[in-house]
Visitor: 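Just passing along the structure, written as structure tokens.
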Amino acid sequence: QVQLVESGGGLVQAGGSLRLSCAASGITFSSYAMGWFRQAPGKEREFVAAISWSGSRTYYADSVKGRFTISRDNAKNTMYLQMNSLKPEDTAVYFCAAVFSFGAGSYYVRANEYSYWGQGTQVTVSS
């Protein structure tokens, strides 16, 4: 079956960095566009970043643009989110998601466009 497993979360001070990973199995990873979302306590799940299956195109939420970098390694069936200059408002559970995509440059920003989800990893940024 399809599994998306996030890792790399933790507690970090403001200004610090973390690198999240999302390991996929049960899908042909190189045919799937991927995304990162996050959900803070009492808030709706929100889009963070997305990447096409080829890796040629990426897209970021304004709140993380310039600080976060999404990437993927199709040979390792893994997607990454490098998070720098972290702020307390980045505190949330971070989820990775996957959707089958024909277009090499297609990415998706709405949660309801994604077919598969991981269980999430907690990121806590202290002030």
Side-chain angles (χ1 to χ4, degrees):
Q1 75 275 23
V2 178
Q3 276 196 312
L4 300 177
V5 180
E6 302 95 335
S7 61
L11 174 64
V12 64
Q13 288 190 328
S17 298
L18 282 174
R19 187 195 197 201
L20 304 185
S21 298
C22 172
S25 60
I27 58 173
T28 304
F29 184 72
S30 58
S31 296
Y32 281 71
M34 302 292 293
W36 287 100
F37 291 76
R38 67 187 182 186
Q39 189 166 17
K43 293 190 176 181
E44 299 275 321
R45 187 170 299 193
E46 66 173 357
F47 168 78
V48 174
I51 188 167
S52 61
W53 65 252
S54 66
S56 64
R57 294 190 70 191
T58 58
Y59 189 77
Y60 298 91
D62 287 343
S63 59
V64 307
K65 202 173 296 183
R67 300 188 298 122
F68 291 9
T69 302
I70 189 171
S71 62
R72 64 190 296 159
D73 184 339
N74 286 347
K76 295 183 178 180
N77 291 352
T78 302
M79 174 181 65
Y80 306 97
L81 186 68
Q82 178 67 43
M83 305 187 295
N84 299 328
S85 303
L86 282 161
K87 304 175 181 180
E89 51 263 44
D90 294 318
T91 295
V93 177
Y94 283 70
F95 300 89
C96 66
V99 58
F100 181 81
S101 173
F102 287 107
S106 298
Y107 57 80
Y108 304 87
V109 301
R110 291 188 293 270
N112 62 10
E113 294 179 299
Y114 286 85
S115 305
Y116 302 107
W117 291 83
Q119 83 290 347
T121 185
Q122 176 70 47
V123 171
T124 303
V125 185
S126 63
S127 57

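As a basis for the values below, the full set of heavy atoms in this structure was taken, side chains included, without hydrogen atoms, waters or symmetry mates. Just so it is clear, the model here is predicted, and its values are computed rather than measured.
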Visitor: Should we count OH of Tyr60 as having more than 12 external heavy atoms under 6.0 Å?
Guide: yes
Visitor: Any pair with a residue in residues 77-88 that passes side chain to side chain donor-acceptor pair (under 3.5 Å), sequence neighbours left out, goes on the list, sorted by first then second residue, please.
Guide: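 Of all non-adjacent pairs touching residues 77-88, those that pass side chain to side chain donor-acceptor pair (under 3.5 Å) are Ser17-Asn84, Gln82-Asn84.
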Visitor: Kindly state each residue pair satisfying side chain to side chain donor-acceptor pair (under 3.5 Å) with at least one member in residues 93-103, sequence neighbours excluded.
Guide: Arg38-Tyr94, Ser101-Tyr108
Visitor: Output the distance between atom CD (Glu46) and atom CD (Gln39), rounded to the nearest 0.5 Å.
Guide: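 That separation rounds to 9.5 Å.
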Visitor: Tell me whether Val93 shares a hydrophobic cluster with Val12, the cluster being built from Ile, Leu, Val, Met, Phe, Trp, Tyr side chains joined at under 4.5 Å.
Guide: no
Visitor: Mind checking what makes salt bridge (charged side-chain N to carboxylate O under 4.0 Å, His left out) contact with Glu89, not counting sequence neighbours?
Guide: none
Visitor: Please report the shortest heavy-atom distance between Leu81 and Ala49, naming the atom on each side.
Guide: CD1-CB, 4.3 Å
Visitor: Is Phe102 reachable from Tyr107 through a run of I, L, V, M, F, W or Y residues, each pair having side-chain heavy atoms under 4.5 Å apart?
Guide: no
Visitor: Calculate, to the nearest 0.5 Å, the distance between atoms CD1 and SG belonging to Ile51 and Cys96 respectively.
Guide: 12.5 Å
Visitor: Sorted by first residue and then second, give each salt bridge (Lys or Arg N to Asp or Glu O under 4.0 Å) pair with at least one member in residues 102-112; sequence neighbours left out.
Guide: Arg110-Glu113
Visitor: Using the salt bridge (Lys or Arg N to Asp or Glu O under 4.0 Å) rule, collect all pairs that involve residues 91-107, keeping only residues at least two apart or in two chains.
Guide: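 Applying salt bridge (Lys or Arg N to Asp or Glu O under 4.0 Å) to every pair that reaches into residues 91-107, excluding sequence neighbours, yields nothing.
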Visitor: Going by disulfide bond (SG atoms under 2.5 Å apart), name the pairs with one or both residues in residues 55-89, residues two or more places apart or in two chains.
Guide: none
Visitor: For a 4.5 angstrom cut-off between non-hydrogen side-chain atoms, does Thr91 reach Gln122?
Guide: yes
Visitor: Residues in salt bridge (charged side-chain N to carboxylate O under 4.0 Å, His left out) with Lys65, at least two apart?
Guide: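 Lys65 satisfies salt bridge (charged side-chain N to carboxylate O under 4.0 Å, His left out) with Asp62 only.
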Visitor: Among pairs that include at least one residue of residues 67-80, which meet salt bridge (Lys or Arg N to Asp or Glu O under 4.0 Å), considering only residues two or more places apart or in two chains?
Guide: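 Qualifying pairs, neighbours excluded: Arg67-Asp90.
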Visitor: Do any pairs count as a disulfide bond (SG atoms under 2.5 Å apart) and have a residue in residues 51-82, sequence neighbours left out, and if so which ones?
Guide: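 Every candidate disulfide bond (SG atoms under 2.5 Å apart) pair involving residues 51-82 fails, so no pair, neighbours aside, qualifies.
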Visitor: Under a 3.5 Å distance rule, please check whether Glu6 uses its side chain to pair with a backbone N or O of Gln119 as donor and acceptor.
Guide: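 Yes, the answer is positive, given that a donor and an acceptor are paired below the 3.5 Å cut-off.
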Visitor: Strictly by ring pair (Phe, Tyr, Trp, His ring centres under 6.0 Å), give each pair with a member in residues 16-37 just once, sequence neighbours left out.
Guide: Tyr32-Phe100, Phe37-Phe47, Phe37-Tyr114, Phe37-Trp117
Visitor: Shortest non-hydrogen contact from Gly26 to Val2?
Guide: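 Heavy atoms only, the tightest pair is O-CG2, 3.7 Å.
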Visitor: Output yes when a side-chain donor or acceptor of Asn74 lies under 3.5 Å from a complementary backbone atom of Trp53, and no otherwise.
Guide: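 Yes, because the side chain of Asn74 sits within donor-acceptor range (under 3.5 Å) of the backbone of Trp53.
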Visitor: Does Thr121 reach the main-chain N or O of Ser7 with its side chain, forming a donor-acceptor pair under 3.5 Å?
Guide: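 No, because the side chain of Thr121 does not come within donor-acceptor range (under 3.5 Å) of the backbone of Ser7.
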Visitor: How far does CE of Met79 sit from SG of Cys22, to the nearest 0.5 angstrom?
Guide: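 It comes to 4.5 Å.
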Visitor: Output all residues satisfying ring pair (Phe, Tyr, Trp, His ring centres under 6.0 Å) with Phe68, sequence neighbours left out; order by chain, then residue number.
Guide: none
Visitor: Could you tell me the separation between the CE atom of Met34 and the OG atom of Ser52, rounded to the nearest 0.5 Å?
Guide: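 Going from the CE atom of Met34 to the OG atom of Ser52 covers 12.0 Å.
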Visitor: Using the test salt bridge (charged side-chain N to carboxylate O under 4.0 Å, His left out), find all partners of Arg45 that sit at least two apart in sequence or belong to another chain.
Guide: none
Visitor: How close do Ala40 and Ala92 get, counting heavy atoms only, and between which atoms?
Guide: N-CB, 3.8 Å
Visitor: When hydrophobic residues are tied together by side-chain contacts of less than 4.5 Å, even through go-betweens, does Val109 share a cluster with Phe95?
Guide: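 Hydrophobic grouping puts Val109 with Phe95.
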